[in-house]
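Naming: A, B, ... by sequence-line order, numbering from 1 per chain.
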Amino acid sequence: MSSHRVLIIGGGPAGLTAARHVSDLGFHATLIEKQAQLGGTPIASHYAALTHGFRDAEDAFRDLIHQVTDDKQIDVRLNSRVVGCEGRVGNFNVHVANGAGAETLDAGAIIVATGFEHFDPARETQIYNYYTYPDVITLADMELMLKSKTVTRRSNGALPERVCFIQCVGSRDRQIGNEYCSKVCCGVASKQAIEIKQLVPTAKLFIFYIDMRMYGYWENEIYWPAQEKYKVNYIKGIVTEVIQKGDKLLVRGEDTTMGRPMEVTMDLVVLSVGMEPSAGTKEIAHALQLKQNKYGFIEVPHESLDPTVTSTPGIFVAGAAAGPKDLDDTMSMAGLAALRAMAAVRGAN
Amino acid sequence: MAYRDNDKYADVPQELKQKLFDEVKADERYDDYLYGCYECGICVSACPSARFYDYSPRVIAQTMAREDLNRFYEILADDIWNCAQCFSCVRCPRQNNPGGLVTLIREVAVRNGLKETREVLQGYSRVIYKVMLKGNQVSPDMLRPDFFPDWGPWVQEFSANMREWRLAIPTDTLRGVTDAAWKTDPKTLRELYYIWYSTGNLELIQEVDPGLHGLIAEVVEEELAETEWAD
């Protein structure tokens, strides 16, 4: 028997948006989330302001979450995970496990929105000592500080005088195996630099980069103000080593455009960790027998023209499960995935 | 910023470097001259000086943004005099003005009468002398055949018979004039004196060449005494 339901896996920005659009257009959705809460990485990782527009992340997603949880046409299943799937477009049987046991749910189409996770600096091939020095932190650690409006050194609680970001940690690196650009870190680091400067006006900020990739309006909304108004120093050159010097961190690299090696002391070093497929994305690829690309993201065979279509008819993908995405792209993709899923359900019935 | 390289002016105290740096940044034009630098190199590609000298308008902008005091002092002492102040660099996509930064740094260098600045400008005393007393900067009698071999063998003939050559020019302001490029009208000259006097140029000259200043100030004051700007 065929099903008109759309089953969405993942309750982050993409999954929530897809569920809302499915319902808006009169279809029923089932939203499966393995955590006890909705909101995905922005909420679980305590994001402060959204990079585009500086809106408070919790506020922004609270609205979206309520739209979904208040909607009778959306069946939200928390603490649940998809463990297997049979059938084909129009008639999938999806096995879902939760604390109480397992059940099989029907779906005409499936949207995978299982997202990304932050790169773990333990695998970094440079010498950044994330797990050794308390004042070497990641973008995600900084988000948590910014959310509490307190930026201090973890080593001694003091306000930082000098803070630097090191870009492309875990991205654009053949040695690590992640040749791709994670797309958002340039914007996020610049956004954080502005927020830090607002909280600690005396701090001096540095961003060490390979290229600054500030798409569209990120340029004039984030990059230029960071450099011109907040006096963030952008230095083309990647740091190779962070070592303790007294109670400071000595950062070694090259100031390539000034043409010389550089050693600077910092109070806080923020590693701009990129995106990798989340554990959930890899699990789901396995459970649904979806092809993954060489990095483990869900493969999208015709990405430019058909960005939500996977290797399996009736199964669509939205957001960073398909590779690094910013929120703008994630939301657009979620809407398209909802549309494609509904069309598939109708076509199959 | 700190770099692992040799500081050419290590003997100059950091406090002085900082003071001069702050003086440049305090200029009210500064914020209009430096927004943020892409380090794209458009200014360098457009810069005539950069083609011939070890000079980069990009590095000027970057050094100011990085607050690199040691490099700043090198720029203040040396680099700024390689700029021809042609402002080709203002085609910057961020609307920076590296040539304008050079103007500001030059003014600070001269105002503070730095040793390096006096040395650099020594050769210009004669030019200033000419400009201020004759109204234009290069005159035929400044030509020395052995100074500029690239002017070719003809300059020998000209130098030897300068007055005859100039007598042949059928223009009143040029005919027979060898101590100026052209004869400047005394009224024009007095107007120039007044402009230089009231814009502080004489004080700047006093910083870099007190002897020259004495000579010029006397002439300027004497000339201005007979004008409507006497006081």
Applying a strict 4.5 Å limit to non-hydrogen atoms, the region of Ser56(B) in contact with chain A is neither

One should read off an interatomic distance between Gln62(B) CD and Thr257(A) OG1, to the nearest 0.5 angstrom, of 3.5 Å

So, do Met258(A) and Glu39(B) sit near enough that their side-chain heavy atoms are less than 4.5 Å apart? no

Hey, are the side chains of Trp224(A) and Arg94(B) touching, using non-hydrogen atoms and a 4.5 Å cut-off?
-> yes

Between Arg66(B) and Tyr234(A) the two heavy atoms that sit nearest each other are NH2-O, 4.0 Å

The interface call for Glu219(A) against chain B, heavy-atom contacts under 4.5 Å, is side chain

Item to complete: Step through the shown structure and confirm whether more than 12 heavy atoms of other residues, nucleotides or ligands are within 6.0 Å of CG on Asn156(A).
Response: yes

Discussion item. Heavy-atom count check: over 12 atoms from other residues, nucleotides or ligands less than 6.0 Å from Tyr129(B) OH?
Written reply: no

Between Gln227(A) (side chain) and Cys37(B) (backbone), is there a donor-acceptor pair under 3.5 Å? yes

When the 4.5 angstrom heavy-atom criterion is applied to Lys229(A) and chain B, the contacting part is neither

- More than 12 heavy atoms of other residues, nucleotides or ligands under 6.0 Å from OH of Tyr295(A): is that the case? yes

Query raised in the report: Salt bridge check: are Arg71(B) and Asp255(A) linked by an N-O gap of less than 4.0 Å?
Result: no

